[in-house]
Amino acid sequence: MTDRRPLLFTLAGIVATLVYFGTAEFIAGAVSATSAPLLILGQTIIPLVPTAMIKTAISVFGTNDKLALVITLVIVGAILGGVIGRIGLHRRALSFVLLIGLGILPVVVLLSTGGTILDTVPALVGVALGCAAYVALIRFSNGTESSARNSVGRDEDFGADNQPGTDRRAFFGLAAGLSAVGMAAIAAGQSASILARNAAGAVTKLVLPRPATSAPKIPAGADFDIEGLTPIMTPNDDFYRIDTALIPPSVDAASWSLHIHGMVEDEVTITMAQLLELPLEEHRVSLTCVSNEVGGDLVGNATWLGYPVRELLKRAGPKKGADMVLSTSDDGFTASTPLEALTDDRASLLAVGMNGEPLPRDHGFPARLVVPGLYGFVSATKWVTELEVTRFADKQAYWTKRGWSTHGPILVASRIDVPRAGVHVSPNKDGQIVTAGMAWAQHVGIAEVRVRIDNGDWHTAELSEELTTDTWRQWRCPFDDLEPGTHTVTVRAVDEDGNVQISERRPAIPGSATGLHDRQFVVD
Ligand SMILES: Nc1nc2c(c(=O)[nH]1)N[C@H]1C(S)=C(S)[C@@H](COP(=O)(O)O)O[C@H]1N2
Ligand SMILES: [Mo]
């Protein structure tokens, strides 16, 4: 008879891990979401993961990338638990040291980053119950086999008087039961913390004042209203979300403040009540992510309500020699913005409103930066709490440390929305096939969009009426003499400075992907 105990000890370790995560997530979900071990581990790991891997995760899992991370952590944890469980067959004491050590690791991380004693409860109770599950299971496993009792340091008494047959059933019954409860508790804990966050969001709801300066009415010509073409204004729910937060920080508007310090004459602190008293301005600005692939959708356009950063910096008085503002988020993310982009006459805002509502939690509640003309990673800090006036030579921001560029100006870009890739299209009543899409060159403005079918001549597209140079524009270009069959459409934009969209294919790192967007469709 082969010794099944190595397998049973491995299983016991896996089950103990599930009980640990389950207990801890469940308690954390009920008490305080930020003390959940999976959250702590995830947030510790994200900054250490190579950028390329994060980008791949985002492209594979989309906005489910955070869920994918949680599941990965549980699987990796269970594998480790299995290995430790197996170690316990011959080195019982070592297995407990490892189980307890790894189990309280999140507590150590939490305490070192400013958690309270109460926050340690979920992980500690999890460790206790996880170890209890392990002990209970190996008790039964010892009874299932009576061979191979040559181990070192093993407690010979475990299950010694139990019957093998009953114990095997008891082992598997207990293991299956505990695993199921553990996994259900993980799921419950995760959903409870999501519910808790949403409830917290309702409590801190802000009432926005009327803008002192409103954005002009959107002219009819700003949107072609073509089916399948992205609308000129992006609703909040459809706005892309990119950040390094496993769950968006829940920041209380009432206790929020922005602190301006560093190379300034006077430090300035402004609270939400003070900010809302100021004459707030509405501006339309399109945000773009530097990781957006050619033809990608990590770009959106909103009406932002906020106070000019220029005015806030004027109060602080930046000192000579400063050339950068390092903005810091409540969750520690940082962005380096050229000082000039925050002090010149562009609509750089400390924003509190997005499309007529307080900022949604995912987009930086209660306050974020919006800077026309720069990619989000060097400018659009969400949950912003600090502005440090400094120098590029002295400080580096989150993504710059990871190989991305320091300044991040947006490159002129365009993409095709219509027709959809690979679809069959028939000419409309005028005998035309309409191609259409979006083009952007924030703060410079789009001068021209050219469209080409197969390798034919470039045609100049019609542009939607410009809202401001800080926003994207729609383009449309009808073709009337397309032969039936497969065609490729390609688009290329030119900005108001005469920069032609770069056609060379380049990866996103360090300063945005380049290349022309093209797609195929079939004319019937
Ligand atoms: N606190 C914080 N702010 C952040 C980020 C982040 O990871 N953390 N990501 C930046 C990046 S890379 C982009 S593209 C924009 C995206 O803003 P959105 O999620 O509102 O679209 O936020 C920026 N602000
Ligand atoms: Mo980004």
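Note that the numbering runs from 1 along the sequence shown for the chain. Whatever order the structure lists ligands and atoms in, that order sets their numbers, starting from 1.
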Show which atoms of ligand 1 fall inside a sub-4.0 Å distance from at least one heavy-atom site of Cys289. 14 (S)
I'd like to know if the side chain of Asp323 and the backbone of Phe392 have a donor-acceptor N/O pair within less than 3.5 Å. yes
Evaluate the criterion side-chain contact (heavy atoms from CB on, under 4.5 Å) for residue pair Trp399 and Phe333; output intermediate values, then yes/no. CA-CA 9 Å; Trp399 286 113; Phe333 169 88; 3.6 Å; yes
Logged contact type for Val384 with ligand 1, heavy-atom cut-off 4.0 Å, is neither
Protein contact to atom 24 (N) of ligand 1 [nearest heavy atom, distance to 0.1 Å]: Ala380 O, 3.0 Å
Ser464 (side chain) donor-acceptor with Gln474 (main chain) under 3.5 angstrom: yes
Give the atom numbers and elements of ligand 1 that come within less than 4.0 Å of a heavy atom of Ser329. 1 (N)
Quick one: nearest non-hydrogen protein atom to atom 8 (N) of ligand 1, plus distance? Phe333 CG, 3.2 Å
When you measure from the side chain of Arg519 to the backbone N and O of Pro419, does any donor-acceptor pair fall under 3.5 Å? yes
Would a distance-only check, ignoring hydrogens and angles, find a side-chain to backbone donor-acceptor pair under 3.5 Å from Ser286 to Trp472? yes
Quick check with a 6.0 Å cut-off and a 45 degree axis cone: is Arg284 positioned over the face of Trp304's six-membered ring? no
Of all the non-hydrogen atoms in the protein, which one sits nearest to atom 21 (O) of ligand 1, and at what distance? Tyr240 O, 2.6 Å
Relative to the heavy atoms of Phe377, which atoms of ligand 1 are at a distance of less than 4.0 Å? 11 (C), 12 (S)
When you compare ligand 1 with Ile242, is there at least one nitrogen or oxygen pair between them that comes in under 3.5 angstrom? yes
In ligand 1, which numbered atoms sit nearer than 4.0 Å to a non-hydrogen atom of Asp331? 1 (N)
Within 45° cone and under 6.0 Å: Arg402 NZ/CZ vs Tyr398 ring: yes
Of the side chain and backbone of Phe239, name the one, both, or neither that has a heavy atom under 4.0 Å from an atom of ligand 1. side chain
State whether the side chain of Asn355 and the backbone N or O of Ala302 hold a donor-acceptor pair below 3.5 Å, judged by distance alone. no
Below 3.5 angstrom, do we get any N/O pair linking Trp383 and ligand 1? no
Check: Leu411 and Asn499 side chains under 4.5 Å, non-hydrogen atoms: no
Kindly confirm or rule out an N or O of Leu287 lying under 3.5 angstrom from an N or O of ligand 1. no
Which residue and atom name correspond to the protein heavy atom nearest atom 10 (C) of ligand 1, and how close is it? Gly376 O, 3.8 Å
Stepwise side-chain hydrogen bond (donor to acceptor under 3.5 Å, both in side chains) test for His443 and Thr469: CA-CA 5 Å; His443 205 57; Thr469 57; 4.5 Å; no
For ligand 1, is there an N or O atom under 3.5 Å from any N or O atom of Thr244? yes
Polar atom proximity, Arg368 to ligand 1 (N or O, under 3.5 Å): yes
heavy-atom search around atom 3 (N) of ligand 1 in the protein gives Lys382 N, 3.0 Å
Can you list the ligand 1 atoms lying under 4.0 Å from a non-hydrogen atom of Thr381? 3 (N), 24 (N)
State, yes or no, whether a side-chain contact exists between Val352 and Leu280 at a heavy-atom distance under 4.5 Å. yes
